[in-house]
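Structure record follows, encoded as structure tokens.
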Amino acid sequence: MNILIAMDSFKGSVTSLEAGEAVADGIRQADPSAVTQIIPLADGGEGTVEALVRSTGGKLIRTHVTGPLGQPVTAKYGLLGDARTAVIEIAEACGLTLVPEEKQNPLRTTTTGVGELILDAIKNGARSLIIGLGGSATNDAGIGMLQALGYRFLDVSGQEVPRGGAALGAIRSIDATAVHPSLKGINIQVACDVNNPLHGEQGAAHIFGPQKGADPEMVEQLDKGLKNFAEVFKEHFDLDVQSIPGAGAAGGLGAALAGLLGAELRSGIDLMLEAVNLREHLQTADLVITGEGRLDAQSSMGKTAMGVAGLAKERGVSCIALAGSVTADAAALNDLGVTAYFSILNEPTTLEEAMNPERTKANLQQISRQLIRLYQARR
């Protein structure tokens with residue numbers, strides 16, 4: 001029996017690889033002859049780099065870049081097994097976790113390090129980039145990233161504006177004459193699972209700014225700056241970035257990536273499943289086991305388990321989903337490709353105990369062992 005194991009992480013507990021290995025251990029305990037293949041997955045957020053590097057036989061690269069506060073930080077990205085595709089999580093360079101709570105201020109934080117990661121990946125042979133948005137501490141519409149790539153944003157006096165979201169309102173023109181030549185011909189795909197516009201009540205500042213330390217006055221200033229950026233952008237490039245779904249993602253990085261770098265904004269899980277060639281791996285699978293920390297109504301809206309189940313359904317392969325928490329509205333998943341789903345918890349417990357990594361792995365082993373015994377009995 002060939003079993004494909006394609007797990008997401010159980011956030012705060014075990015990584016996608018650890019979850020997959022625990023499931024494989026349980027399967028082998030029930031059937032030592034079973035052939036298992038582990039494909040670690042992520043949805044474009046935290047853990048995407050390591051999951052794709054593991055899945056494709058790539059390598060991690062660490063480098064020093066400018067952090068969100070303008071100080072050097074060590075960031076990693078992945079060069080995948082084809083040696084031509086790099087995967088970047090923007091949080092490595094401008095993530096909220098890099099900023100102490102008392103220093104969180106999206107008027108000041110910058111995406112400069114994201115541009116530096118892009119250039120380093122290209123220097124190391126990448127011709128295609130997968131960029132995961134999420135977890136940023138910034139609201140600068142990506143001008144820091146673009147400045148690192150050679151773009152200049154000029155004020156009314158023709159001087160380059162400083163870093164940070166506070167500079168957006170001062171921009172009057174954009175100079176693209178010194179853009180780094182290595183960007184030419186680079187394909188960029190962005191894992192983006194929000195549709196927020198750049199500015200306005202549903203825009204980057206109003207929806208995400210408070211999470212990054214912005215008070216009401218900052219939110220208004222940032223929103224006006226984002227609107228100014230969009231107007232100047234349209235004047236120079238005849239493109240309305242405000243109308244791009246997802247332009248407001250990661251404090252406006254979606255607008256910068258799609259508008260100036262020609263990036264395609266895509267569903268995170270669709271992009272990940274394509275990157276690991278899951279359709280190809282399904283060709284020889286008799287059974288698929290997937291899972292993530294929680295299965296609920298949101299799982300049908302682009303989360304990992306649903307993406308895996310959808311491809312399994314296309315192939316006509318049974319798909320079992322495992323999770324730490326399963327809500328009543330997860331029943332909708334049965335109509336979308338999940339043959340059956342189960343919680344791995346088997347007794348009353350506290351949240352802290354349930355998320356203990358060793359306990360999570362033991363629970364995954366146990367339920368996988370019992371599932372394979374049941375699967376064999378019905379064959």
Side-chain angles (χ1 to χ4, degrees), residues 2-11 14-20 23 36-56 78 80 85 87 89 130-134 189-195 245-246 249 264-327 329-344 364:
N2 293 306
I3 304 174
L4 179 64
I5 305 167
M7 307 288 288
D8 197 347
S9 65
F10 283 50
K11 289 182 174 60
V14 296
T15 67
S16 52
L17 179 62
E18 289 171 335
V23 170
T36 59
Q37 181 180 17
I38 301 172
I39 305 290
L41 293 177
D43 61 5
E46 180 185 354
T48 294
V49 167
E50 293 192 9
L52 288 186
V53 165
R54 294 273 191 174
S55 295
T56 64
L80 303 191
T85 303
V87 57
E89 292 176 33
I130 296 172
I131 299 178
L133 302 187
Q189 298 186 81
V190 177
C192 176
D193 288 315
V194 301
N195 292 317
E264 180 183 6
L265 306 187
R266 298 182 56 191
S267 157
I269 187 56
D270 288 347
L271 189 50
M272 298 305 112
L273 296 180
E274 184 178 298
V276 300
N277 295 317
L278 196 72
R279 275 193 173 89
E280 181 180 329
H281 292 300
L282 278 166
Q283 296 302 310
T284 56
D286 300 308
L287 175 68
V288 178
I289 298 179
T290 187
E292 54 198 46
R294 179 181 173 89
L295 289 175
D296 53 26
Q298 294 298 312
S299 299
S300 64
M301 300 172 65
K303 291 178 73 176
T304 301
M306 197 60 253
V308 174
L311 293 184
K313 185 177 181 180
E314 285 181 16
R315 175 76 172 72
V317 180
S318 295
C319 178
I320 295 172
L322 307 177
S325 171
V326 178
T327 64
D329 52 14
L333 302 179
N334 291 138
D335 296 325
L336 300 172
V338 175
T339 308
Y341 58 81
F342 302 91
S343 169
I344 65 171
L364 283 166

Can you name the nearest heavy-atom pair linking [X] to [Y], along with the distance?
X	Y	result
Pro40	Ser55	O-OG, 2.6 Å
Gly337	Cys319	O-CB, 3.7 Å
Ala191	Leu271	N-CD2, 3.7 Å
Asp8	Glu292	CB-CB, 3.9 Å
Ile269	Ala42	CD1-O, 3.8 Å
Asp193	Gly268	OD1-N, 2.9 Å

- [ ] Return the set of residues passing salt bridge (Lys or Arg N to Asp or Glu O under 4.0 Å) with Glu50 (not counting sequence neighbours), or none when no residue passes.
- [x]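 Partners of Glu50 under the salt bridge (Lys or Arg N to Asp or Glu O under 4.0 Å) test: Lys76.
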**Q.** With sequence neighbours excluded, residues passing salt bridge (Lys or Arg N to Asp or Glu O under 4.0 Å) with Arg266
**A.**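 Salt bridge (Lys or Arg N to Asp or Glu O under 4.0 Å) check on Arg266 returns Glu274.
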Value rounded to 0.5 Å, distance of [atom1] in [X] from [atom2] in [Y]:
X	Y	atom1	atom2	value
Ile5	Leu17	CD1	CG	10.5 Å
Met306	Leu295	CE	CG	10.0 Å
Leu287	Ile320	CG	CD1	5.0 Å
Thr290	Met7	OG1	CE	6.5 Å
Glu89	Ile131	CD	CD1	11.5 Å
Thr284	Leu4	OG1	CG	7.5 Å

Under the rule for side-chain contact (heavy atoms from CB on, under 4.5 Å), what residues qualify as partners of Ser343, not counting sequence neighbours?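 Expected list: Val326, Leu345.
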Between [X] and [Y] (side chain of the first, backbone of the second, donor and acceptor by atom type, cut-off under 3.5 Å), is there such a pair?
X	Y	answer
Arg279	Leu311	no
Asp286	Ile3	no
Thr15	Ser9	no

query = More than 12 non-hydrogen atoms from neighbouring residues, nucleotides or ligands closer than 6.0 Å to CD on Gln189, yes or no?
reply =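 For Gln189, atom CD is crowded (more than 12 foreign heavy atoms under 6.0 Å).
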For this session: Just do the side-chain contact (heavy atoms from CB on, under 4.5 Å) check on Gln37 and Asn2 with the steps written out, would you?
Result: CA-CA 8 Å; Gln37 181 180 17; Asn2 293 306; over 6 Å; no
Original post:
Are any of the side-chain heavy atoms of Leu336 and Lys313 separated by less than 4.5 Å?
Top reply: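 A side-chain contact under 4.5 Å is absent here.
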